[in-house]
Amino acid sequence: MSDPSVSITPRHIGIIMDGNGRWATMRKMRRTRGHREGIEAAKRVVLEGIRQGVEFLSLYAFSTENWRRAEEEVSFIMGLVARNLRDQYDFYRDNNVRVTHSGNLDGLPDEVRQEITTVTRETADNDAITVNLAVNYGGRDEIVRAVNRWIEGRTADHLPQIREADLHAHLDLPQMPDPDLVIRTGGEKRISNFLLWECAYAELYFSPRLWPEWTGDDLREAITDFSHRKRNFGGMR
Ligand code: IPE
Ligand code: IPE
Ligand code: MG
């Protein structure tokens, strides 16, 4: 039997891609330019993920709280997401990338919702890596939606108590393994509502480097750090 405490390459890495705005502001550019550069960083990291044999890479692109930003920045990010989902088809095909989505499709502009639906369908058979885009994603929102899906179709007088397995089965992507490693770039040391349920036993890695500066080397460093961790899952050493 395999020993879960022996960690090598993480199967699933989550990344809180933070620091786009600061990267641009430091260069006297508009924050939106940082988001554009962030896409290039994401492509570099996806390619390195494939080289390293990572199976799932969850990228936090827009949180349920990011709607609080200036209207101009929000609509720029939405346009960027829609355009890139469309424009990166060659990248997904050439690199055999499957794209999935975590988050609330309701509340996203129609164009973004349509592009997400199309790209997830068109790339469903690709199997070099699964890139899971967290767009309009909040961990609390996902848990609430999961509970509501579970309740749906049941009558109030036949409501058993919900179990962990029931909630798990109604998450956005129940087939996806929990993240082994969660990385946050940009220096902040917080989770900001990312994969709250799934993060229960994730190893955390905080990098001061701003997301647009990230390269494959940064991902390799994070994986090496992870490979030296001893995971207990509540058991004994
Ligand atoms: C992360 O970069 C990207 C999104 C939240 C969309 P930020 O835009 O938060 O960059 P900073 O933290 O302001 O530098
Ligand atoms: C987290 O970054 C969300 C994403 C990277 C999409 P934020 O910049 O929104 O997080 P806070 O507000 O600093 O916690
Ligand atoms: Mg930020």
Side-chain angles (χ1 to χ4, degrees), residues 12-46 49 56-85 87-88 99-109 111-113 115-116 119 130-145 172-173 176 179 181-199 202 204-215 218-219 222:
H12 180 184
I13 301 180
I15 307 186
I16 302 170
M17 309 182 290
D18 196 25
N20 294 351
R22 278 164 284 164
W23 181 89
T25 306
M26 278 165 54
R27 286 164 179 75
K28 304 207 174 355
M29 297 187 288
R30 293 147 73 94
R31 291 175 54 85
T32 47
R33 177 65 199 282
H35 297 311
R36 266 217 306 269
E37 285 299 316
I39 304 258
E40 298 308 313
K43 289 167 73 178
R44 292 191 291 271
V45 167
V46 167
F56 298 86
L57 192 59
S58 285
L59 301 178
Y60 203 7
F62 193 88
S63 75
T64 47
E65 285 70 38
N66 286 148
W67 298 103
R68 294 176 187 156
R69 296 189 178 198
E71 214 276 314
E72 187 205 0
E73 182 168 342
V74 169
S75 52
F76 180 88
I77 294 173
M78 288 300 146
L80 193 68
V81 168
R83 232 179 8 261
N84 270 279
L85 286 170
D87 293 351
Q88 302 298 341
V99 178
T100 58
H101 171 249
S102 279
N104 199 338
L105 280 174
D106 297 339
L108 281 168
E111 190 194 13
V112 177
R113 209 171 36 232
E115 293 300 341
I116 288 174
V119 79
T130 296
V131 171
N132 179 36
L133 299 175
V135 184
N136 195 21
Y137 178 86
R140 289 182 173 181
D141 180 66
E142 183 187 21
I143 292 168
V144 169
R145 286 185 293 104
D172 288 345
L173 297 169
M176 187 169 69
L181 171 63
V182 169
I183 296 170
R184 183 175 186 133
T185 71
E188 309 290 357
K189 296 186 175 67
R190 54 177 172 258
I191 293 292
S192 299
N193 208 8
F194 188 47
L195 300 177
L196 294 183
W197 177 273
E198 298 87 340
C199 266
L204 305 178
Y205 181 87
F206 298 102
S207 159
R209 274 163 78 80
L210 304 172
W211 177 246
E213 296 170 340
W214 261 59
T215 66
D218 294 291
L219 185 73

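Atoms considered below: every heavy atom in the structure, side chains included; atoms not considered: hydrogens, waters and symmetry mates. Every number for a ligand or one of its atoms is a count from 1 in the order of the listing.
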message: If you take the nearest heavy atom of each of Asn20, Leu80, Thr25, which one is closest to atom 3 (C) of ligand 1?
response: Asn20
- request: Pick whichever of Trp211, Phe194, Tyr60 has a heavy atom sitting closest to atom 6 (C) of ligand 2.
  value: Tyr60
query: Just heavy atoms, cut-off under 4.0 Å: does Arg69 contact ligand 2 by side chain, backbone, both, or neither?
result: side chain
message: Is there a polar contact, in the sense of an N or O pair closer than 3.5 Å, between Arg31 and ligand 1?
response: yes
As an exercise, identify every atom of ligand 1 less than 4.0 angstrom from a heavy atom of [X].
X: Arg22; answer: 11 (P), 12 (O), 14 (O)
X: Ile77; answer: 6 (C)
X: Ala61; answer: 6 (C)

For [atom], the protein heavy atom that lies nearest, with its residue and separation:
atom: atom 7 (P) of ligand 1; answer: Asp18 OD1, 3.5 Å
atom: atom 10 (O) of ligand 1; answer: Gly21 N, 2.9 Å
atom: atom 14 (O) of ligand 2; answer: Ser192 OG, 2.6 Å

message: Within the structure, is a non-hydrogen atom of Arg190 found at a distance of less than 4.0 Å from ligand 2?
response: yes
- prompt: Does Arg184 reach ligand 2, in the sense of a heavy atom lying below 4.0 Å from it?
  reply: yes
Evaluate the side-chain proximity of [Y] to [X]: yes if any heavy-atom separation is below 4.5 Å, no if none is.
X: Ile116; Y: Leu133; answer: no
X: Pro212; Y: Arg36; answer: no
X: Asp18; Y: Trp211; answer: no
X: Ser207; Y: Trp214; answer: yes
X: Val182; Y: Ile13; answer: no
X: Arg22; Y: Leu210; answer: yes
X: Leu80; Y: Ile39; answer: yes
X: Glu73; Y: His35; answer: yes

message: Please determine whether any non-hydrogen atom of Glu188 lies less than 4.0 Å from an atom of ligand 1.
response: no
query: Has Gly19 got any heavy atom lying under 4.0 angstrom from an atom of ligand 1?
result: yes
message: Check this for me: does any side-chain nitrogen of one of Arg30 and Glu72 sit under 4.0 Å from a carboxylate oxygen of the other?
response: yes
Taking atom types as modelled and ignoring hydrogens, do the side chains of [X] and [Y] form a donor-acceptor contact shorter than 3.5 angstrom?
X: Asn193; Y: Glu65; answer: yes
X: Asn132; Y: Thr100; answer: yes
X: Ser192; Y: Arg184; answer: yes

- prompt: Which bit of Met17 gets closer than 4.0 Å to ligand 1, counting heavy atoms only: side chain, backbone, both or neither?
  reply: backbone
field: Structural part of Asn66 in contact with ligand 1, heavy atom criterion under 4.0 angstrom
entry: side chain
- prompt: Rounded to the nearest 0.5 Å, what separation is found between the CZ atom of Arg69 and the CD1 atom of Ile77?
  reply: 5.5 Å
task: Check the pair Arg44, Asp218 against salt bridge (charged side-chain N to carboxylate O under 4.0 Å, His left out), reporting the backbone distance first and the verdict last.
output: CA-CA 10 Å; Arg44 292 191 291 271; Asp218 294 291; over 6 Å; no
- prompt: side-chain contact (heavy atoms from CB on, under 4.5 Å) with Met29: which residues, sequence neighbours excluded?
  reply: Trp23, Ala24, Arg27, Arg33
query: Got a protein heavy atom sitting under 4.0 Å from atom 12 (O) of ligand 2?
result: no
- prompt: Looking at Phe62, which atoms of ligand 2 are within less than 4.0 Å of one of its heavy atoms?
  reply: 6 (C)
Polar protein atoms near the Mg ion (ligand 3) [N, O or S; cut-off under 2.8 Å]: Asp18 OD1
